[in-house]
Number of protein chains: 2
Amino acid sequence: MTETASKTAKQGKPKNPKAASRIANLLRRQIITGELRPGEKLLPERVLQEQFEVSRPTLREAMRLLEAESLIKISRGQHGGARVQKLDISVTARQVGMYLQMEGTTLADVLQARAFLEPPAARLIAENRSLAVLDELKGNIVAAKKAYEDSNPVALAEAQTHFSEVLTSQARNQTLSLFAKLLHDIVHMQMVDLTVKTHSREGVKKMQWLSIRGREKLIELLEAGEADEAERFWRNHLEASTKVVLSSYRAQMPIDVLQETE
Amino acid sequence: MTETASKTAKQGKPKNPKAASRIANLLRRQIITGELRPGEKLLPERVLQEQFEVSRPTLREAMRLLEAESLIKISRGQHGGARVQKLDISVTARQVGMYLQMEGTTLADVLQARAFLEPPAARLIAENRSLAVLDELKGNIVAAKKAYEDSNPVALAEAQTHFSEVLTSQARNQTLSLFAKLLHDIVHMQMVDLTVKTHSREGVKKMQWLSIRGREKLIELLEAGEADEAERFWRNHLEASTKVVLSSYRAQMPIDVLQETE
DNA sequence: AAAGTTTTATTGTTTAACTATTTGGCGTGG
DNA sequence: CCACGCCAAATAGTTAAACAATAAAACTTT
């Protein structure tokens, strides 16, 4: 046996590397293909153990993996167990953010990326302009103005990111929309300790007003269907305001997505 | 004791949700902050057990999490153990792809998103044109032409994606560059069973040639520093060729990122 | 010296128990 | 009858100790 060993005899069951990830793959597939839908309960541990013919610790490693991906949520108690969940985007955002963090990416870089996505989106909206979208954008401006007058920086920031989301989501491209959401989430993570500083700054008020005016102008262009002009205007606007943000806040610091995950 | 139970007495140790994810968080932080660098070996399980005061199955759940994130790679044997690794982008790509898959995103959608990112990148290259980048792009064209003449569709596809990568990576924005890589990875996963069909098709050859010509033309514009023109041209080119791809292949099917992972 | 064998350090997996946390039901006292 | 508290049952969370598998190094034999 010792001589023939090595790799001559292939095992009947290739038996993927680790039992846990093998099982996680199987369950993951069931969930993602919709075989198991959000809200549905997975079988309890001991049943799955028998089904997959593994021990409890091994099965539980698999459950941890799925739980970490936010595919399932596990609870204890009488009617506890693993329930399929809608995917939580913040989990993906964290992983993308982790990647960026390891490369020393700055918040400035992330903001710039966002500024990169929006102008083409604006173009698309101008090309096939829909009343619903335009109305939503207008409503957003109203809310932003109110927040501005109330000197409520948090609400104003919310309104701004919402505006961005509407822009990118209406580009009618799911992939791009997801990217926009990821960026929003990553930026949001950083803002936890960033927004606070907004209060005391001089000139912020003025910048905020310019920002609102810029969006109003964009809406006009969108309504007029001026695709080229809308795209160009919005790029210039974002570049200008990004510059201000970069110099104002400590956006040149690498992001950190690990702050007290909880 | 029964009466005072409930939640009156807070434990000294708040003891975050699950031991495994708590430990994973600690180790993850060490890795991401660079305290532990790629190649370095983590302490063996039994030492970490003592350090974190948990049992082996619990610790191993944590290790599984980090392994799934590609932060560590575990091997058995005498000098085995967990080693810190450079992050594997395909893990992140898979997770992003999972998200897209659950929304029923089509390959067409993903390709369109890529077409969305490149024109602005082309603009940037035209604005601050560097010889190195232009040379790399030119070299790419040469390779593509060779693949074309050899009727080597795989090499040609490689060249095309490389061209895209150079474009987006030279945008000097890490976030955007990461997105481009993610898209490339997701597309690549799908191409496993997609490229094969390329051979038999009529008109493909012609399309390939147009694609190469388009890139040559783009390079000319970039060299001339015609930012606006380069961006516009490239968008039109991508839109046109995307349309062809969409009708030719089964790009209208939802993507599937779960096909036989390993 | 080369080849094969044994030893050893490490992770992979199993089994069996105990602990903690919910929920529902049951009973007792108002 | 209702409300409160206690208990029981179902479930996941954690621990413990052992054994299996693997890979490298050390040793032994030819």
Side-chain angles (χ1 to χ4, degrees), chain A residues 1-24 27 40-68 71-85, chain B residues 1-25 27 40-68 71-85 262:
Chain A
M1 258 321 224
T2 49
E3 291 174 318
T4 62
S6 282
K7 288 151 194 168
T8 50
K10 283 208 170 182
Q11 301 165 336
K13 291 189 178 183
K15 199 132 198 189
N16 272 27
K18 317 244 168 119
S21 74
R22 186 165 39 87
I23 292 170
L27 288 172
E40 275 188 66
K41 230 167 72 175
L42 266 66
L43 298 166
E45 285 186 355
R46 91 195 114 71
V47 180
L48 291 174
Q49 269 181 69
E50 290 169 16
Q51 202 176 323
F52 292 118
E53 299 180 297
V54 295
S55 69
R56 208 172 152 217
T58 299
L59 178 70
R60 285 175 54 71
E61 284 178 16
M63 301 303 268
R64 271 296 154 284
L65 293 177
L66 298 178
E67 190 186 42
L71 284 169
I72 62 175
K73 158 116 181 230
I74 304 178
S75 60
R76 288 200 262 189
Q78 175 128 296
H79 277 124
R83 284 198 134 77
V84 178
Q85 259 191 149
Chain B
M1 258 319 227
T2 48
E3 289 174 319
T4 64
S6 282
K7 287 150 195 169
T8 50
K10 281 208 171 183
Q11 301 166 337
K13 294 189 177 181
K15 201 132 200 191
N16 271 29
K18 316 241 170 122
S21 73
R22 185 165 40 86
I23 292 169
N25 285 344
L27 289 172
E40 275 188 66
K41 231 168 69 174
L42 265 65
L43 298 167
E45 286 185 355
R46 95 196 112 69
V47 180
L48 292 174
Q49 271 180 67
E50 289 168 17
Q51 203 170 57
F52 293 118
E53 300 181 298
V54 293
S55 67
R56 209 171 151 219
T58 299
L59 177 71
R60 286 173 56 69
E61 285 178 16
M63 301 302 269
R64 273 293 154 285
L65 292 177
L66 298 177
E67 190 187 42
L71 284 169
I72 61 176
K73 158 117 180 229
I74 304 176
S75 60
R76 290 198 262 187
Q78 173 129 296
H79 278 124
R83 283 198 135 78
V84 178
Q85 260 191 150
E262 183 128 355

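Letters go in sequence order (proteins before strands), and every chain restarts at 1. These figures come from a predicted structure and were not determined experimentally. These numbers come from the heavy atoms of this one structure, side chains and all, not from hydrogens, waters or symmetry mates.
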(message) Given C:dT14, D:dT15, C:dT11, identify the nucleotide with an atom nearest to the side chain of A:Val54.
(response) C:dT14

(request) Would you indicate whether the side-chain heavy atoms of B:Leu65 and A:Leu65 approach each other to under 4.5 Å? (result) yes

(message) Output the rounded distance in Å from NZ (B:Lys73) to P (D:dA23).
(response) 11 Å

(request) For B:Gln49 and C:dT11, give me the distance from atom CD to atom C1', rounded to whole Å. (result) 12 Å

(request) Could you tell me whether A:Arg64 and A:Glu61 make a salt bridge, using a distance below 4.0 angstrom between a side-chain N and a carboxylate O? (result) no

(message) On DNA chain C, does the nearest nucleotide to B:Pro44 precede the nearest nucleotide to A:Arg76 from the 5' side, or the other way round? Give the residue.
(response) B:Pro44

(request) Quickly work out the B:Glu53 CD to D:dT15 P distance and round it to whole Å. (result) 10 Å

(message) At less than 4.0 Å, is any side-chain N or O atom of B:Ser75 found next to OP1 or OP2 of C:dT10? Yes or no.
(response) no

(message) What is the separation between atom CD1 on A:Ile23 and atom C1' on C:dG12, rounded to the nearest whole Å?
(response) 13 Å

(request) May I ask you to verify if any side-chain N or O of B:Arg56 is less than 4.0 angstrom from the OP1 or OP2 atom of D:dA16? (result) no

(message) Looking at D:dG13, I'd like to know if its phosphate oxygens (OP1 or OP2) sit under 4.0 Å from a side-chain N or O belonging to A:Arg60.
(response) yes

(message) Tell me the interatomic distance from A:Ile72, atom CD1, to D:dT11, atom P, rounded to whole angstroms.
(response) 15 Å

(request) Mind checking the CD1-NZ spacing from A:Ile72 to A:Lys41? Nearest 0.5 Å is all I need. (result) 13.0 Å

(message) On DNA chain C, compare the nucleotides closest to A:Gln78 and A:Pro57; which residue's is nearer the 5' end?
(response) A:Pro57

(request) Kindly say if B:Arg64 contacts the phosphate of C:dG12, meaning a side-chain N or O under 4.0 Å from OP1 or OP2. (result) yes

(request) Let me know the distance between CE of B:Met63 and P of C:dT13, rounded to the nearest Å. (result) 14 Å

(message) Pick the closest DNA chain D nucleotide for B:Gly80 and for A:Glu45 by heavy atoms, then say which residue is nearer the 5' end.
(response) A:Glu45

(request) Could you pull out the closest heavy-atom pair between A:Gln49 and A:Leu59, with the gap in Å? (result) N-CD2, 3.8 Å

(message) Without decimals, in angstroms, what is the distance between A:Leu65 CG and C:dG12 P?
(response) 13 Å

(message) For D:dT11 and A:Arg46 - does any side-chain N or O of the residue sit under 4.0 Å from the phosphate oxygens OP1/OP2?
(response) yes

(message) I need the CD-C1' distance between A:Glu61 and C:dG12, as an integer number of Å.
(response) 8 Å

(message) The side chain of A:Ile74 is closest to which nucleotide in this list: D:dG13, C:dT14, C:dG12?
(response) D:dG13

(request) Only counting residues at least two apart or in another chain, list the ones meeting side chain to side chain donor-acceptor pair (under 3.5 Å) with B:Arg76. (result) none

